[in-house]
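To keep things clear, I will list the structure first and then write my remarks on it.
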Amino acid sequence: MYVPSARTARTFYSSLCFALLMSLPFVETATAEVAPLTVQEKFYLQKIRPLLEQKCLGCHGSTPDDIKGEYNMLTRDSLIKGGESGEAAVTVGKPEQSPFWNAVTWKDDSIQMPPQERNRLNATEIADVKQWIAQGAIWTDRELPPLTTDNASQNTATTMSTSGGQSPTWTNRTYEPAEIWAYQPIQRPPVPWNALAEKQTSRQNPIDAFIQRKLKQQQLPASPPAKKKALVRRATYDLTGLPPTLKQISKFEKSQGQFDWSQLIKELMERPQYGEQMAQMWIDVVRYADTSGFANDYERPNAWRYRDYLVRSFNADKPYDRFIIEQLAGDELAPEDPELLIATGYLRSGPWEHTGMSVAAVTRQLFLDDITQSVGVSFLAHSFRCAKCHDHKFDPVPTRDYYRIQAVFAPVQFADRKVDYQPYENISGFADMKARTERLLAETQSQQQLFKEKTDAAIAAWLKENGYQNLKQVAADKRPPLRWFGLTELEKSLLKINNKRIAYFERELKRYEPYAFSVYNGPPNNYRSTKTVNLIPGAKQKQGEIQQTFILAGGAITAPTDKVTPGVLSAVAGSNSVKEPNAWNTIPQSTEGRRLALARWIASSNNTLTARVIVNRIWQMHFGTGLVATPNNFGQKGDSPSHPELLDWLATWFMDHGWSLKQLHHLIMTSDTYQQSSHPVNAERVRTVDPSNRLLSHFPTRRMTAEQLRDSLLSMTGELNPEMGGPGVFPEINWEVALQPRHIMGSVAPAYQPMPLPEQRNRRTLYAFRYRTLSDPMLEVFNRPGSESSCERRDETTVTPQAFALFNGQFTHDRALALAHKIRQESKTHEDAVQLAFQQVLLRVPESSELQMALKHVQQMQTYHEQHPPQQIPLPREVKREMIEELTGESFSWTENLDLSENYKQDLKPWDVDAATRALAELCLVLMNSNEFIYLR
């Protein structure tokens, strides 16, 4: 049996193969048309034929002129016969003796089919093949009969109208209604008001009616309202990501009536911090970072303008449908509007690189795959990636749709557009930061010039010694190595390192020039991730044929099959342009307007997914888990809605109210469901009936996010700088991590250095410069997601390193000391200081027993610190680097100066304060590590 290589193996996607299958002579007699299918024939049609079509025929049948290994699998006889080896591939009735079965099990290293890891058969598929061979390898060219009226009445399964799969078996596949709920039109279910107890109509919230109906069905009592302090803290964190003040809590505790709660929510949403909190949510979804990732993790100098666009959009309560269109097609909608050009930074938010060692067609395809997937999960809660290689195994997403959606982005080319800074953008501090980068660039270039001069001198000496006047007189094969002649091995290595540093600083300088990280439409362009700026080419260069899109067999660019035109997800109700084309579901084939048409299809009230998806994300912000627990996956393998009627009701309400996110927040937060206590009335019943609290009999307790922890600690000490926007800042992180080498394509990037002044460093975490290859360990250990793939819902793990970060970490110790210093300045006695510590961290006064224990602890710590004065720890002034020289294999080292350490103003340190302050800081540290502070209830 011939075993094709992994490179030549293909997954079948060609319509030609189906035509060949249908043209084969039937093996049944003339009466077979009316004879019922046998059990074995049904098994073949349901299990084996789709498997052969998806996994095998790409190399063994789709192209008759290119049958790999002469092994044709289009008929039973040829499949059994085998290929060029002359050995039978199938021994009927004996799977273990059949090379075909051995190949699909991957147990024999010499025969593994399909050869690509991603196309391997799973255990169920292997078992089906074994059963099929054991039962006689029964084959039929007939089709499964369509559902009749009689059997349809007994079976609720239905087919889906799509653009068509790669086989009729997939196209005619049936689905249970529960599997395809997301593709059905959004309903407007009646509010089950009778589920609520009698109360004033003006205070009834439809959300409570839907929630109470489910609770009553499961005999679960709802928890009573939470205390006012808990509500204020809950709401303030939800809407701003920051803690409330004691004054705000006191004001609300003295208030009366529901109106005051409503007013508090509105006031919180009018704070500028609301947009920052919402932007943080969206950044998780779209994978924003300030660098490109991979081996060339260079800075994206102007990506920060997209991040700030998000903050402005949420603060302005931009209608969500408009928000979608601006990010997908702002440049097509209004090409002269600076804000919309910045908005299209969404299209480039994923990691990407193209270097001299890359294949342009491959990196281009990686971008197209990335943006197709990103659009799917961001707006439609669909991971399209599964359909890249084959028709989706579970959802009605044909491969054809994957590439039709991808064709929408075929004209998209990268561009750093010249867009003037707007009056509302923060460019303060540019002069000082730019001057530093220019200085570092000049210093590096100066060192390179010295190397060049040394090389030139060595060449001149060599020419004189060998009797030449100039290099032109020397044969090319006899010339010395001009690049580094006369340099030592260390100097040769430093020459290469400096070249990377120059490229790094040149890119950093673009941070201070008015470019927008954006796109344009046109034919393929020659861009590289190592290029500092990609400008829009002139009109002449923009002429040419737009990249065509083909279905790629197995997702391989070397195996194009059918050409496709731009389209949408056809399974969505009313969206099948193949059967029922209309202005809404049809994408133009012109260069301009494809993305705008797709954006309008997504941002339409007719789309069954979009409103449901964003409503679900907002619900998750408030309750920790969405009504659908998998916000990026509304497909069959995602979670089913816990309250499907409520999800639809909220979606219709949201669209009716102008796609306003602020109004949606207000509706959710004014419900009794949101305001209830986090303590269940009947905990035992909850553990038995609803252990994950999906029915919301009580408010779910959850931990602060990593960003909320950091920002809260800075806020309570008074160190948080509320300045908004601008390029990413560089806060102080663990010094050992900061000074670890970060490799940039064979070299080392300049060391991470925190900014010299506390007010520069202590901005909100949202504005911290975000590398893809360097994480703040404190944020990472508290489950801040990476920026490589979309995060639908953050993990909330409890692991030992969290204690090291929060109890032993330098950042928390510095905050505890800063808080203790602040309290000592405001208090007269030890008791006053302890009282203030509790109020600042836990937002309450200590109980009597807590006060006594705290006072005792502080006194003991003061005695300890008086006896153990701290030793001053100097800041690092330089870092030693070491690498292996790729040309010689020898290790070499050099020293990198840390220039920002020279004028570095440290946060308050133990040697700056007395023993009493250090002792109080010990108490503050304990309180900062308490569950009462870390968790929201």
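Because the structure is a prediction, the values reported are computed rather than measured. Index from 1, following the sequence.
- If you check the side chains of Glu759 and Asn721, you find no donor sitting under 3.5 Å from an acceptor.
- Under the rule for a ring-ring contact (aromatic ring centres under 6.0 Å, His included), Tyr298 has no partner lying at least two apart in sequence or in another chain.
- Proximity of Leu806 to Asn929: side-chain heavy atoms (C-beta onward) are separated by under 4.5 Å at one or more points.
- Using a cut-off of 4.0 Å between Lys/Arg side-chain N and Asp/Glu carboxylate O, Arg501 and Glu896 are scored as salt-bridged.
- The shortest distance between side-chain heavy atoms of Gln860 and Thr863 does not fall below 4.5 Å.
- In summary, Arg439 and Glu443 engage in a salt bridge, as defined by a charged side-chain N under 4.0 Å from a carboxylate O.
- With hydrogens and angles left out, the side-chain atoms of Glu276 and Tyr767 include a donor and acceptor closer than 3.5 Å.
- Judged purely by distance below 3.5 Å, without hydrogens or angles, the side chains of Asp672 and Gln676 never pair a donor atom with an acceptor atom.
- Using a cutoff of 4.0 Å between basic side-chain nitrogens and carboxylate oxygens, Glu932 and Arg844 are scored as salt-bridged.
- Interatomic distance, CD1 of Ile249 versus CZ of Arg233, reported as 8.5 Å (0.5 Å rounding).
- For the residue pair Thr236 and Gln248, no side-chain donor N or O sits within less than 3.5 Å of a side-chain acceptor on the partner.
- By the 4.5 Å heavy-atom criterion applied to side chains, Val841 and Leu819 are counted as neighbours.
- Between the side chains of Asn426 and Ser428, at least one donor N or O lies within less than 3.5 Å of an accepting N or O.
- Atom CD of Glu882 sits in a crowded spot, with more than 12 heavy atoms from other residues, nucleotides or ligands closer than 6.0 Å.
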* Stepwise, does the salt bridge (charged side-chain N to carboxylate O under 4.0 Å, His left out) test hold for Glu922 with Arg918? -> CA-CA 7 Å; Glu922 301 279 7; Arg918 297 198 298 273; over 6 Å; no

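- Aromatic pair Phe699/His679: centroids not less than 6.0 angstrom apart.
- Classification of Asp814 and Lys909 as a salt-bridged pair holds, one side-chain N sitting under 4.0 Å from a carboxylate O.
- In this structure, the ring of Trp894 has its center less than 6.0 angstrom from the ring center of Phe892.
- You'll find the side chain of Arg271 stays beyond 4.5 Å of the side chain of Glu267, heavy atoms only.
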* Yes or no on side chain to side chain donor-acceptor pair (under 3.5 Å) for Thr765 and Arg710, after CA distance, side-chain angles and deciding distance? -> CA-CA 7 Å; Thr765 310; Arg710 179 182 178 274; 3.1 Å; yes

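- Side chains of Asn783 and Arg703: a donor on one and an acceptor on the other come within 3.5 Å.
- Remark: the backbone N or O of His743 is not paired with any side-chain donor or acceptor of Ser747 at under 3.5 angstrom.
- In terms of modelled atom types and a separation under 3.5 Å, the side chain of Gln277 and the main chain of Tyr237 share a donor-acceptor contact.
- Thr717 and Glu719 share a donor-acceptor pair across their side chains, judged by distance under 3.5 Å alone.
- Residues Phe811 and Ile733 form no side-chain contact, since every pair of their non-hydrogen atoms from C-beta on lies 4.5 Å or further apart.
- Side-chain atoms of Arg300 and Ser292 include a donor-acceptor pair closer than 3.5 Å.
- By the 4.0 Å N-to-carboxylate-O rule, Lys228 lies too far from Asp260 to be salt-bridged with it.
- Atoms NZ and OG1, from Lys266 and Thr670 in turn, are 9.0 Å apart once rounded to the nearest 0.5 Å.
- If you check the side chains of Arg287 and Ser790, you find no donor sitting under 3.5 Å from an acceptor.
- Note on Arg305 versus Glu425: salt bridge recorded, some NZ/NE/NH1/NH2 to OD/OE distance being below 4.0 Å.
- For the residue pair Glu299 / Thr291, no side-chain donor-acceptor distance below 3.5 Å is found, with atom types taken as modelled.
- Legend: salt bridge (Lys or Arg N to Asp or Glu O under 4.0 Å) pairs involving residues 720-742, not counting sequence neighbours, sorted by first then second residue: Asp297-Arg742.
- Taking 4.5 Å as the limit, some side-chain heavy atom of Pro741 sits within range of a side-chain heavy atom of Arg881.
- Side-chain N/O atoms of Ser787 and Tyr771 include no donor and acceptor closer than 3.5 Å.
- Looking at Thr917 and Asp914, their side chains come closer than 4.5 Å, going by heavy atoms from C-beta outward.
- Side chain to side chain, Gln753 and Asp899 meet the donor-acceptor criterion of an N or O pair below 3.5 Å.
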* Asked: Run the salt bridge (charged side-chain N to carboxylate O under 4.0 Å, His left out) check on Lys229 and Glu253 step by step: do they pass?
  -> CA-CA 7 Å; Lys229 172 199 160 186; Glu253 285 180 331; over 6 Å; no

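- Checked against the 6.0 Å centroid criterion, the rings of Trp261 and Phe252 qualify as a close aromatic pair.
- Electrostatic pairing of Glu707 and Arg794 counts as a salt bridge here, judged by a charged N lying under 4.0 Å from a carboxylate O.
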* To do: Decide yes or no on salt bridge (charged side-chain N to carboxylate O under 4.0 Å, His left out) for Asp907 and Arg761, but give the supporting numbers first.
  => CA-CA 10 Å; Asp907 295 327; Arg761 301 190 296 267; 3.2 Å; yes

